[in-house]
There are 2 protein chains.
Amino acid sequence: MRLSIIWRPMCPTPALTTSLRRSGERLTRPRKSVAVLIDQRDGHFTSADLVSDARRKGVPVGRATIFRTLELFAELGVVERIDLPTGEHAYVVCEPAHHHHVVCSSCGRTTEIDDAGLEAMTASVEERTGFRIDRHRIELFGLCAECREQDGR
Amino acid sequence: MRLSIIWRPMCPTPALTTSLRRSGERLTRPRKSVAVLIDQRDGHFTSADLVSDARRKGVPVGRATIFRTLELFAELGVVERIDLPTGEHAYVVCEPAHHHHVVCSSCGRTTEIDDAGLEAMTASVEERTGFRIDRHRIELFGLCAECREQDGR
DNA sequence: GTTTTTGCAAACCATTTGCAGGGTC
DNA sequence: GACCCTGCAAATGGTTTGCAAAAAC
């Protein structure tokens with residue numbers, strides 16, 4: 001006798017899946033699976049992380065689909081691709097509106113920050129350089145409060 | 001009769017080569033060649049750019065050496081690796097001290113900017129998030145004055 | 001029923017590495 | 001002369017792609 005195990009996706013946090021619905025993208029099972037895998041992550045993650053998560057948990061999603069779904073989520077603005085200081089590419093979940101992150105170098109957890117004086121900064125740069133700034137990449141790295149406490153610093 | 005053409009490096013802008021001398025690194029001909037290739041560039045460039053420049057100009061430098069030399073220059077702080085909005089990796093020449101760039105999306109030229117209110121920004125973020133920031137990546141993209149003028153905007 | 005998405009494997013591309021020979025100090 | 005650097009070609013690792021089968025609308 002042979003048991004076939006059907007993997008059933010848990011209900012993912014709405015943010016990722018509703019963004020699909022709202023944008024008219026098809027809500028397929030593999031995409032839901034990727035959403036679940038992302039939700040089960042804490043902090044930033046790489047595409048390779050998701051691939052191995054999927055394998056380990058027996059979630060039936062192909063490598064290519066994970067890449068394609070991450071790209072899609074990035075287009076929708078619900079995840080963002082960031083570049084770690086090491087040069088690795090990683091992703092973080094985020095609100096479509098905000099786009100700056102503080103990343104903990106120890107545990108990898110991220111916090112979103114709002115403007116935080118960016119407006120003033122770009123205005124100052126525009127004035128002094130003659131550039132007109134239209135996009136930016138700002139990533140801050142450091143230790144979060146919890147990791148600082150654990151490390152006793 | 002067969003003419004063999006010996007490629008002689010032009011004298012590169014001091015910054016790159018003196019940084020080698022000063023740090024005790026060997027001043028080899030391939031490294032000088034890479035320095036020249038970089039000097040002949042305007043704006044940011046990729047490793048692939050240098051490889052094709054070298055091939056086109058008949059400069060005898062191996063691909064691996066270009067990568068190794070770029071890594072070395074980056075360690076010395078005379079070039080910096082940046083990540084373009086497209087996700088491509090590129091390099092820009094820079095002063096060892098400053099580390100923020102404004103990159104023109106049209107012509108690729110970069111301008112270095114000093115602090116520009118960053119201190120205030122990180123202080124504000126530290127206070128509000130509990131993180132202690134120890135490194136950051138800040139890249140601003142936009143149109144430089146010249147390109148704006150040409151485009152009539 | 002039409003159109004989109006998936007999964008696989010192969011292709012691809014930038015980057016790294018091992019190693020023997022050559023250059024620099 | 002000792003040690004470092006170079007070049008080649010092969011290995012690598014992440015990401016993309018072509019295509020037929022499967023799923024979503």
Looking at [X], I'd like to know whether one of its side-chain N or O atoms comes within less than 4.0 Å of OP1 or OP2 on [N].
X       : N      : answer
B/Arg31 : D/dT6  : yes
B/Thr65 : D/dG7  : yes
B/Ser47 : C/dT15 : yes
A/Thr28 : C/dT6  : yes
B/Arg63 : D/dC8  : no
A/Arg68 : C/dT4  : no
B/Arg21 : C/dC25 : yes

Query - Test applied, side chain to side chain contact (heavy atoms under 4.5 Å, CB included); reference residue, B/Leu37; option that passes from B/Val51, B/Thr69, B/Leu50 - result: B/Leu50

Counting side-chain heavy atoms from C-beta on, which of [options] comes nearest to [X]?
X       : options               : result
A/His89 : D/dT15, C/dG7, C/dC25 : D/dT15
B/Ala64 : D/dG7, C/dG7, D/dC5   : D/dG7
B/Leu27 : C/dA14, C/dC25, D/dC8 : C/dC25

Atom-pair distance ([atom1] on [X]; [atom2] on [N]), nearest Å:
X       : N      : atom1 : atom2 : value
B/Arg26 : D/dC5  : CZ    : P     : 6 Å
B/Phe67 : C/dT17 : CZ    : C1'   : 13 Å
A/Ile66 : C/dT5  : CD1   : P     : 17 Å
A/Leu72 : C/dT6  : CG    : C1'   : 14 Å
A/Glu71 : C/dT5  : CD    : P     : 12 Å
A/Asp49 : D/dG13 : CG    : P     : 16 Å
A/Leu70 : D/dG14 : CG    : P     : 14 Å
A/Lys32 : C/dT6  : NZ    : C1'   : 15 Å

Requested in this report: Could you label the plane-to-plane angle of the A/Phe45 and A/Tyr91 rings as parallel, tilted or perpendicular, counting under 30° as parallel and over 60° as perpendicular?
Outcome: parallel

Query - Ring centres under 6.0 angstrom apart (A/His100, B/His136) - result: no

**Report entry** B/Leu84 to A/Arg137 - nearest heavy-atom pair and separation
**Finding:** O-NH1, 3.5 Å

Query raised in the report: If you look at every strand shown and take non-hydrogen atoms under 4.0 Å, does B/Glu88 touch a base, only sugar-phosphate, or nothing?
Result: nothing

Query raised in the report: Could you go step by step and tell me if A/Leu20 and A/Leu72 meet the side chain to side chain contact (heavy atoms under 4.5 Å, CB included) rule?
Result: CA-CA 9 Å; A/Leu20 290 174; A/Leu72 177 59; 3.7 Å; yes

**Report entry** Inter-residue atom distance A/Ile82.CD1 - B/Asp83.CG, 0.5 Å rounding
**Finding:** 11.0 Å

Query raised in the report: What's the spacing between A/Phe141 CZ and A/Ser105 OG if we round to 0.5 Å?
Result: 7.5 Å

Report task. Please identify each residue that fulfils salt bridge (charged side-chain N to carboxylate O under 4.0 Å, His left out) with B/Arg109, with sequence neighbours left out. Result -> B/Asp42, B/Glu146

Query raised in the report: End-to-end bend of the helix from C/dG1-D/dC25 to C/dC25-D/dG1 (five-pair axes, 10° rounding)?
Result: 40°

